[in-house]
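What follows is a single structure, written as structure tokens, with notes after it.
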Amino acid sequence: LEFSLSQVFAMATYEVIAQRHLVGVFLCIFKLISCECSEVASCVAGCGVMGMLGNKGGVSVRMRFEDTTICFVCAHMAAHRENVAGRNADFRAILAKTAFEPSSSSSGSSNTVMYNDSTFHPSLNNALFLGSTWRDEDLDDDADLELETFSNIDDDDAVATNETTWRILDHDIVFWLGDLNYRIHESVDAVDCFEMAESLDLGFLIERDQLNLERSAGRVFRDFHEGAVNFPVTYKYQPGTLNELTKKNFKRPPAWCDRVLWRTLANDVRLIEYTSASTLLQSDHKPVRAVFQVQVRNIDWPSRDRALRHATLELSRLSSSPTLSLSISTIDLGPVYFGLHKKNVAVKLKLSSQKPVLWRLSSHRKSWLKVTWTSDMNILGPDNPTIELTVRAEITNAQLARRFNDGLDTIRTNLVIHEYFYEYDGEQRIPQVKDHYLHVEGKWIDSVFGARLDDLCRLPTGATLGVPPQLWRILDALFQFRTLPDLFFPAAASRVGEDIYFFRDSIATTRNNTNQQQIWLQRIVHKAPDLVEALDDFSNSKEIPVNVHPQHLAAALIAFLNALATPIIPISLLPTTDIQDPAELQAFTRDLLQRLPAANYNVFIYLCSFARQLFKDKEHNQLNPSKLASLLADACLPPEVIAVEHPQRLLILPVFTYLLTTRTL
């Protein structure tokens, strides 16, 4: 490769600065031999079989050019046209598992190469990166795939253990390339895909490209960019031919599987060229090529040092003024779980002079961060020179938990405490402000609340279950109380019933119930924290408390299902007209069940079976099909239509009633 580059760029000599592979995923970074870079490190993230082996995953290399950090990711993601959720999960897994340790602690390790800092002026061809992926999807369905074991992959490659660890999205610029495996949406017939690809009628296909659709929906590659795809599909060709598509398996129609995307928070990356290398004939994929021009930062360090010295002198000038001191400067919240966080950290503000000062906590804009203090007064003086702040994390919002699960947010922020006082210049009183900083951080522990259904059905071993273990654990615990007459519809006068009815009354009086669903979930968190803790366990090793109130258990079932990333029944599948005719009801119900995704179907049928069991005990629990249909609506419908009087809720209720009472479909 070095020789080939030297032949292509006759006036330049390139050298390898990093290379890493994971089975068939290979990433190689070259730079001009006359240029220097620093902080070069690499990492692997397997997310294939059992969520960890290397038949799928990504390799990453990071570095620093001048004062700009750059990360390259080469990935091979889940195959098969219908497996969009698997590809999205691989993207999130690579983000979560990739962690570059600090250069000071990783120097000398087997997977890190270090270069000394040096000044250079970047040009278009200062650095090149090459990535390739080996595909296993063309093996016969019955073939056994032998997986390589990786003795050179440390656990530290996947899990960050230091506060200064670099993640992929921490970098100024990220390039993400490889066989991302996104196909054409399944609504397009495979035969039509072949015909349009061969006739180069590509506009229709690219509009239905799964990667573009998922990015537009905000589910993957948020804030990433891609150039216009004006080249032919990159998959699936007959090896050894220039443009002959393979038609022996119509399950794999042509698509743009191979892509290059980039992410930058500044306007410092310009795409020069984005095309495919159609003349390479060895593979059933056509590689893609992207050429970029990148502008890197070059900080004027002498000017920066002068500004720092000036600021230090200014702070020294203010040091004789009234000032506060903080007992600590960093708050470590430790592991942060969904629900009520058990760790509170105390911070003391102490006045170190005899002159009173006014203090104020700036707005931190983090809904999960709770700060309280011991006094209503924001003034410190000789009579009250100390005040204590208590800091904790509290996450009871499923949408927020979902962002943490997906790696889109972290338990990390800064608190700023403003100190206000006066200085006297002769007889003139001059107002002054001094800021004190508190760094807050913790480690989020993934939660089942706000998780995706497919992720909940996937065990740590890699096996896939029909329904989430949390669901059958709740239903199994509820089954012993199935004869109670007020299990799901408690009397409003009861102590527990007041909590449940608070939510039901809110549903009846509002059209958009996202906030009300969150309130219900938060009440369960506060009323039955041990139950929430037992359910919020991916290993399912914690027992459901035996003393939990049955109605709290019933409420937790609805809260858990409402908190899913997507509803059991998507809004697109709800009826738009009233259905009363038995034949039409049967036809619509069959169509609804056939169109549900596999995991949604399993959960819905499981809930219907439980509801049928409740109905068998109607003599004791006084439940009827109408009440049970309403219960299914509470559990399965999207939040925007869950209101009791919402038209689409009313239209689906006869379908639920039919499902609960019919003997056959």
Side-chain angles (χ1 to χ4, degrees), residues 1-20 25-37 40 58-66 68-76 120-133 168 171-180 182 202 206 209 211-212 215 221 223-235 256-283 285-298:
L1 288 174
E2 289 180 355
F3 176 78
S4 299
L5 287 173
S6 300
Q7 295 297 309
V8 174
F9 304 102
M11 302 300 294
T13 303
Y14 286 85
E15 64 175 346
V16 177
I17 61 170
Q19 55 180 312
R20 198 69 189 266
V25 183
F26 176 65
L27 180 61
C28 193
I29 309 293
F30 297 83
K31 73 168 186 66
L32 277 174
I33 201 168
S34 58
C35 298
E36 296 295 340
C37 63
V40 180
V59 296
S60 306
V61 172
R62 76 167 301 269
M63 65 196 66
R64 181 184 294 273
F65 274 101
E66 289 281 354
T68 296
T69 55
I70 304 176
C71 181
F72 301 95
V73 184
C74 184
H76 185 200
F120 77 98
H121 298 285
S123 63
L124 177 63
N125 297 318
N126 269 350
L128 293 124
F129 57 97
L130 300 176
S132 66
T133 52
I168 291 174
H171 294 79
D172 298 317
I173 300 171
V174 179
F175 293 101
W176 194 302
L177 64 148
D179 180 7
L180 309 189
Y182 286 93
L202 306 179
I206 200 63
D209 171 73
L211 177 58
N212 289 339
R215 286 178 58 210
F221 290 101
D223 298 327
F224 277 79
H225 307 277
E226 185 185 20
V229 179
N230 296 322
F231 46 85
V233 294
T234 65
Y235 170 87
W256 288 274
C257 292
D258 309 271
R259 312 288 273 270
V260 179
L261 298 93
W262 75 94
R263 177 184 186 267
T264 176
L265 301 182
N267 189 23
D268 50 7
V269 176
R270 185 166 70 93
L271 179 64
I272 304 297
E273 182 184 9
Y274 189 34
T275 186
S276 63
S278 58
T279 56
L280 294 178
L281 311 179
Q282 294 88 343
S283 171
H285 287 246
K286 297 296 183 183
V288 294
R289 177 177 68 247
V291 181
F292 298 90
Q293 187 174 45
V294 177
Q295 183 178 4
V296 299
R297 290 195 306 270
N298 187 357

Working to the nearest 0.5 Å, report the span between [atom1] of [X] and [atom2] of [Y].
{"X": "Glu15", "Y": "Lys31", "atom1": "CD", "atom2": "NZ", "answer": "4.0 Å"}
{"X": "Leu202", "Y": "Asp209", "atom1": "CG", "atom2": "CG", "answer": "11.5 Å"}
{"X": "Glu66", "Y": "Cys35", "atom1": "CD", "atom2": "SG", "answer": "9.5 Å"}
{"X": "Cys37", "Y": "Leu32", "atom1": "SG", "atom2": "CG", "answer": "11.0 Å"}
{"X": "Asn298", "Y": "Phe65", "atom1": "CG", "atom2": "CZ", "answer": "13.5 Å"}
{"X": "Phe175", "Y": "Ser60", "atom1": "CZ", "atom2": "OG", "answer": "14.0 Å"}

Under the side-chain contact (heavy atoms from CB on, under 4.5 Å) test, residues paired with Gln282 that sit two or more places apart: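 With sequence neighbours excluded, Gln282 shows a side-chain contact (heavy atoms from CB on, under 4.5 Å) to Leu280, given in chain and number order.
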Taking only residues two or more places apart in sequence, or in another chain, which ones meet Asp172 in a side-chain contact (heavy atoms from CB on, under 4.5 Å)?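 Applying side-chain contact (heavy atoms from CB on, under 4.5 Å) to Asp172 gives Thr68, Thr69, Arg297.
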If the plane angle is over 60° it's perpendicular, under 30° parallel, otherwise tilted; pick one for Phe231 and Tyr274.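 Geometry flag for Tyr274 against Phe231: perpendicular rings.
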For the pair Phe292 and Trp262, name the ring-plane relationship: parallel under 30°, tilted 30 to 60°, perpendicular over 60°.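 Ring orientation, 0 to 90° scale: perpendicular.
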Taking every non-hydrogen atom, the tightest pair across [X] and [Y]:
{"X": "Leu261", "Y": "Leu180", "answer": "CD1-CD1, 3.6 Å"}
{"X": "Val61", "Y": "Ala18", "answer": "CG1-CB, 3.6 Å"}
{"X": "Gly227", "Y": "Leu271", "answer": "CA-CD2, 3.4 Å"}
{"X": "His225", "Y": "Thr264", "answer": "NE2-O, 4.4 Å"}
{"X": "Val25", "Y": "His76", "answer": "CG2-CB, 3.6 Å"}

Do [X] and [Y] have side-chain heavy atoms sitting under 4.5 Å apart?
{"X": "Leu27", "Y": "Ile29", "answer": "yes"}
{"X": "Lys286", "Y": "Pro232", "answer": "no"}
{"X": "Glu226", "Y": "Arg215", "answer": "yes"}

Mark yes or no for whether Trp256, through its side chain, and Tyr235, through its backbone, hold a donor-acceptor pair below 3.5 Å.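 Side chain of Trp256 to backbone of Tyr235, a donor-acceptor pair under 3.5 Å: no, none is there.
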Do side-chain atoms of Thr234 reach the backbone of Cys257 as a donor and acceptor pair under 3.5 angstrom?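 Here the side-chain-to-backbone pair exists.
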Report the C-alpha separation of Phe72 and Met63 in whole Å, then their side-chain angles, then the decisive distance to 0.1 Å, and conclude whether the side chain to side chain contact (heavy atoms under 4.5 Å, CB included) test is met. CA-CA 9 Å; Phe72 301 95; Met63 65 196 66; 3.6 Å; yes
Show, in sequence, the C-alpha distance, side-chain angles and deciding distance for Val229 and Arg259, and conclude whether the side chain to side chain contact (heavy atoms under 4.5 Å, CB included) test is met. CA-CA 9 Å; Val229 179; Arg259 312 288 273 270; 4.3 Å; yes
